[in-house]
Student: 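Submitted below is the structure of interest, expressed as structure tokens.
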2 protein chains.
Amino acid sequence: MEFVDENRQSTDQPVMDKELVENVRQKMPDEELLYDLAEFFKVFGDSTRIKIIWALFEADMCVCDIAKLLNMSQSAISHQLRVLKNSRLVRYKKSGKTVYYSLNDDHIERIFELGMEHIME
Amino acid sequence: MEFVDENRQSTDQPVMDKELVENVRQKMPDEELLYDLAEFFKVFGDSTRIKIIWALFEADMCVCDIAKLLNMSQSAISHQLRVLKNSRLVRYKKSGKTVYYSLNDDHIERIFELGMEHIME
DNA sequence: TGAACATATGAACACTTGTTCATATGTAAA
DNA sequence: TTTACATATGAACAAGTGTTCATATGTTCA
């Protein structure tokens, strides 16, 4: 039909509603912002990190106790704590040889609640 | 990934505060639930899927228009829409040859807002 | 000082993931 | 039917990820 042909782009990609595409394009946030958002959620996309965060909901904990709690190696926990630290989700406080980690973000708990709601329904 | 040594002796791990570990352990949700939560957030951990979802905030769209909007192949978009569909985050409606996708979850927008707040601060 | 301990870190490896490519499926018009 | 089109899907591949292992760093105490 002519209608469809008129809405064809010069590229090889077909388009149903060119005007809609342009409207939505203008409302999209910057590429970089959306990338950062994905990077942020990526941190929650691993069950070990989820477990660490949940543990820290309950109490500040040192590395070895988290490792004991989750029955994982100290090294694995330390690596993951670094990821959480780099995302500014946890902070740490040194006390002698021990390093205590705690949550450093007010949004996590609500985000987890919403995620749980989705899973449950 | 996730090749955990099941035979690891839990007693060979040092512990700072055994009582705390046990207390936290009892408050932890089921392993499966935490795994599902990680799987849920994993869906948000890719910028293509983030972009698709953000586009669907603005309007229901067909596959080819999303592909055009994001300047990606139809196949790549279709693959990612399947991931979103499997997570019950989007639904679709067929109209002739065209398939229109729309958001199917009330939590996403709030989750994105909270994520944005974290990034901005 | 040196031993013991708690944590951090780099490399290696197996597993995972997102895209492309080719093709299949399904729909509507000619 | 045949053709064109919109979408879905499987295989393959490169890039990414989480854990282990070995070791380094840093702290406390004898």
Side-chain angles (χ1 to χ4, degrees), chain A residues 1-5 7-9 12-17 21 35 38-39 41-52 60-87 90-101, chain B residues 1-8 12-17 21 35 38-39 41-52 60-87 90-101:
Chain A
M1 284 177 76
E2 286 180 11
F3 178 78
V4 173
D5 288 339
N7 279 285
R8 284 214 164 285
Q9 297 289 87
D12 59 353
Q13 293 215 47
V15 181
M16 292 297 297
D17 190 335
V21 170
Y35 179 83
E39 288 300 302
F41 287 126
K42 199 173 287 184
V43 177
F44 297 128
D46 174 75
S47 62
T48 296
R49 290 192 291 268
I50 290 280
K51 290 175 193 171
I52 292 174
D60 298 358
M61 295 183 78
C62 66
V63 180
C64 69
D65 282 359
I66 299 173
K68 174 72 179 174
L69 171 69
L70 304 184
N71 197 31
M72 295 180 63
S73 72
Q74 173 269 321
S75 178
I77 300 301
S78 188
H79 277 298
Q80 296 299 8
L81 282 169
R82 181 168 50 167
V83 174
L84 295 172
K85 193 173 58 183
N86 289 343
S87 304
V90 304
R91 60 173 177 273
Y92 65 94
K93 210 175 77 170
K94 285 195 168 188
S95 173
K97 290 174 290 186
T98 313
V99 180
Y100 290 94
Y101 282 82
Chain B
M1 89 170 183
E2 306 270 348
F3 46 99
V4 179
D5 183 5
E6 305 287 349
N7 293 324
R8 170 178 289 281
D12 65 0
Q13 295 208 47
V15 182
M16 291 297 296
D17 189 337
V21 170
Y35 179 83
E39 289 300 302
F41 287 126
K42 199 173 287 183
V43 178
F44 297 129
D46 174 75
S47 61
T48 297
R49 290 191 292 267
I50 290 280
K51 290 176 193 169
I52 292 173
D60 297 358
M61 295 182 79
C62 66
V63 180
C64 68
D65 282 0
I66 298 174
K68 176 69 182 175
L69 170 69
L70 304 184
N71 197 31
M72 293 180 64
S73 72
Q74 174 268 322
S75 178
I77 299 301
S78 187
H79 277 298
Q80 297 297 10
L81 282 169
R82 181 168 49 166
V83 174
L84 294 172
K85 192 174 57 184
N86 288 344
S87 303
V90 304
R91 61 173 177 273
Y92 64 95
K93 210 174 77 172
K94 284 194 168 188
S95 173
K97 290 173 292 187
T98 313
V99 180
Y100 290 94
Y101 281 84

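A, B, ... follow the sequence lines: proteins, then strands. Residue 1 opens every chain.
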Student: Side chains of A:Met72 and A:Ile66: does their closest heavy-atom pair fall under 4.5 Å?
Tutor: no
Student: Please tell me which of the listed nucleotides, C:dG18, D:dT20, C:dC21, lies nearest to the side chain of B:Arg49?
Tutor: C:dG18
Student: Base, sugar-phosphate, or nothing: which does A:Lys42 touch, judged by heavy atoms less than 4.0 Å apart?
Tutor: sugar-phosphate
Student: Base, sugar-phosphate, or nothing for B:Tyr101, non-hydrogen atoms under 4.0 angstrom?
Tutor: sugar-phosphate
Student: Evaluate the ring planes of B:Phe41 and A:Phe41, with Trp represented by its six-membered ring, and classify them as parallel (under 30°), tilted (30 to 60°) or perpendicular (over 60°).
Tutor: parallel
Student: Give the minimum heavy-atom separation between A:Arg49 and A:Val43, together with the two atoms involved.
Tutor: NE-O, 2.7 Å
Student: Give a yes/no verdict on base stacking between D:dT19 and A:His79: centres under 5.5 Å, planes within less than 30° of parallel.
Tutor: no
Student: Atom CD1 of A:Ile52 to atom C1' of D:dG18: distance rounded to whole Å?
Tutor: 11 Å
Student: Look at the side chain of A:Arg82 and decide which nucleotide, out of D:dT9, C:dT9, D:dA8, has an atom nearest to it.
Tutor: C:dT9
Student: In whole angstrom, give the distance that lies between atom CE of A:Met16 and atom P of D:dA6.
Tutor: 6 Å
Student: Measure the distance from CZ on B:Phe44 to C1' on C:dG18 and round it to the nearest whole Å.
Tutor: 18 Å
Student: Would you mind telling me which residue lines up with the more 5' stretch of DNA chain D, A:Glu39 or B:Cys62, judged by nearest nucleotide?
Tutor: B:Cys62
Student: Distance check: side-chain N/O of A:Thr48 vs OP1/OP2 of D:dT19, anything under 4.0 Å?
Tutor: yes
Student: Over how many whole Å does the gap from A:Leu70 atom CG to D:dT19 atom C1' extend?
Tutor: 14 Å
Student: To the nearest Å, give me how far apart CG (B:Leu81) and P (D:dT7) are.
Tutor: 10 Å
Student: Could you please spell out the steps behind the side chain to side chain contact (heavy atoms under 4.5 Å, CB included) verdict for A:Gln80 and A:Val83?
Tutor: CA-CA 5 Å; A:Gln80 296 299 8; A:Val83 174; 3.9 Å; yes
Student: Tell me which nucleotide among D:dT20, D:dA8, C:dG18 gets nearest to the side chain of B:Gln80.
Tutor: C:dG18
Student: Taking the side chain of B:Ser73 as its heavy atoms from C-beta onward, which of D:dT7, D:dT20, C:dT20 lies nearest to it?
Tutor: C:dT20
Student: Nearest whole angstrom, please: distance from the C1' of D:dA8 to the CG of B:Leu84.
Tutor: 15 Å
Student: Take atom CD of A:Gln74 and atom P of D:dC21, then tell me their distance rounded to the nearest Å.
Tutor: 13 Å
Student: Look at the side chain of A:Ser95 and the backbone N and O of A:Thr98, then say whether any donor-acceptor pair between them is shorter than 3.5 Å.
Tutor: no
Student: Is the base of D:dC5 touched by the side chain of B:Thr98 through a donor-acceptor pair closer than 3.5 angstrom?
Tutor: no
Student: Both A:Ala76 and B:Cys64 contact DNA chain D. Taking the nearest nucleotide for each, which residue is further toward the 5' end?
Tutor: B:Cys64
Student: When you measure from the side chain of B:Asp60 to the backbone of B:Tyr100, do you find a donor-acceptor pair of N or O atoms at a distance under 3.5 Å?
Tutor: no
Student: Go along nucleotides 24-30 of chain D 5' to 3' and tag each nucleotide: B for a protein heavy atom under 4.0 Å from its base, S when only backbone or sugar atoms are that close, - otherwise.
Tutor: --BBS--
Student: Just wondering, more than 12 heavy atoms not from A:Lys93 lying within 6.0 Å of its NZ?
Tutor: no
Student: Given C:dT9, C:dA6, C:dA22, which nucleotide is nearest the side-chain atoms of B:Pro14?
Tutor: C:dA6
Student: Answer with yes or no whether A:Ser75 presents, from its side chain, a donor or acceptor under 3.5 Å of a partner atom in the base of C:dT9.
Tutor: yes
Student: Run the numbers on B:His79 and B:Ser75 for side chain to side chain contact (heavy atoms under 4.5 Å, CB included), then give the verdict.
Tutor: CA-CA 6 Å; B:His79 277 298; B:Ser75 178; 3.5 Å; yes
Student: Roughly how many Å is it from OH in B:Tyr92 to C1' in D:dA6, rounded to a whole number?
Tutor: 14 Å
